[in-house]
Amino acid sequence: MNYWLLKTEPTVFGVADLEAAPNRTTPWEGVRNYQARNFLRDGMGLGDQAFFYHSGAARPAIVGIVEVVCAGYPDETAFDPDSRYHDPASTPAHPRWYRVDVRLVRRLRREVTLAELRRHAEALGDFPLLRRGNRLSVLPVTAAQWSAILAREADSDHH
DNA sequence: GCCAACGTTGGC
DNA sequence: GCCAACGTTGGC
């Protein structure tokens with residue numbers, strides 16, 4: 001059982017979209033970065049949980065929790081010439097890209113913003129999201145970091 | 001809109 | 001294998 005953080009742009013697919021999806025479930029597709037691909041394909045297991053993070057937003061923040069309901073399998077959008085995620089180098093015989101299915105467990109009771117995480121960086125240790133220049137869209141989270149962030153959610157005095 | 005950081009591409 | 005050019009990400 002591992003923990004993760006998944007980034008998404010809310011204007012493309014946000015927590016409201018996931019909430020409205022059938023079974024509040026969606027394939028996490030379109031990831032085209034090898035390191036992130038490896039996490040999706042090799043790292044994530046059924047039942048793993050992940051923070052749902054809004055990037056590129058006015059207030060970048062963790063807004064929800066999702067659960068992996070289907071472990072890594074080939075990302076078929078890569079095979080589709082009409083898809084914005086099309087990659088001719090990926091074929092059904094030799095798929096290059098992978099996805100998982102995630103289901104919304106719940107929204108956080110309040111957003112935990114990136115700014116707030118930075119203010120409490122010392123409680124998070126070496127957290128990849130806070131690293132300068134980090135662009136990876138699938139990040140591992142330690143159990144200690146997971147608990148620390150949930151403690152932020154529960155902290156009403158978050159300044 | 002700006003710009004720093006990073007990954008990928010492709011010439012050599 | 002090196003590295004410059006380029007495209008993308010993402011905070012601000």
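We name chains A, B, ... by the order of the sequence lines, and we start the count at 1 in each one.
Take Arg103(A) and apply the salt bridge (Lys or Arg N to Asp or Glu O under 4.0 Å) test, not counting sequence neighbours, and it matches no residue. Remark: Tyr53(A) engages no residue in a ring-ring contact (aromatic ring centres under 6.0 Å, His included) (not counting sequence neighbours).
Sorted by first then second residue, the salt bridge (Lys or Arg N to Asp or Glu O under 4.0 Å) pairs that include residues 79-94 of chain A, not counting sequence neighbours, are Asp87(A)-Arg96(A). Pairs of residues two or more places apart, or lying in two chains, never qualify as salt bridge (Lys or Arg N to Asp or Glu O under 4.0 Å) while including a residue from residues 33-52 of chain A. Contacts classified as ring-ring contact (aromatic ring centres under 6.0 Å, His included) and involving residues 6-29 of chain A (residues at least two apart or in different chains) are given here: Trp28(A)-Phe52(A). For residues 136-146 of chain A, the pairs satisfying side-chain hydrogen bond (donor to acceptor under 3.5 Å, both in side chains) are Thr142(A)-Gln145(A), with sequence neighbours left out. For residues 6-24 of chain A, the side-chain hydrogen bond (donor to acceptor under 3.5 Å, both in side chains) pairs, not counting sequence neighbours, are Glu19(A)-Arg107(A).
Residue Asp101(A) comes nearest to Pro27(A) through the heavy atom pair OD1-CA, 3.3 Å, listed as atom of the first residue, atom of the second, then distance.
Of the residues in residues 74-89 of chain A, not one comes within less than 4.0 Å of DNA chain C through any heavy atom. Annotation: proximity of residues 51-63 of chain A to DNA chain C (heavy atom, distance under 4.0 Å) is found for Tyr53(A), Ser55(A), Gly56(A), Pro60(A), numbered in ascending order.
Hydrophobic cluster of Tyr34(A): the remaining members, joined at side-chain heavy-atom separations below 4.5 Å, are Trp97(A), listed by chain and number.
Nucleotides of DNA chain B lying under 4.0 Å from heavy atoms of chain A occupy a range whose first and last members, 5' to 3', are dA4(B) to dT8(B).
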Hey, can you pull the donor-acceptor pairs under 3.5 Å for the side chains in residues 54-71 of chain A, sequence neighbours left out?
residue: His54(A); atom: NE2; partner: Val15(A); partner atom: N; Å: 3.1
residue: Arg59(A); atom: NH1; partner: Glu111(A); partner atom: OE1; Å: 3.1

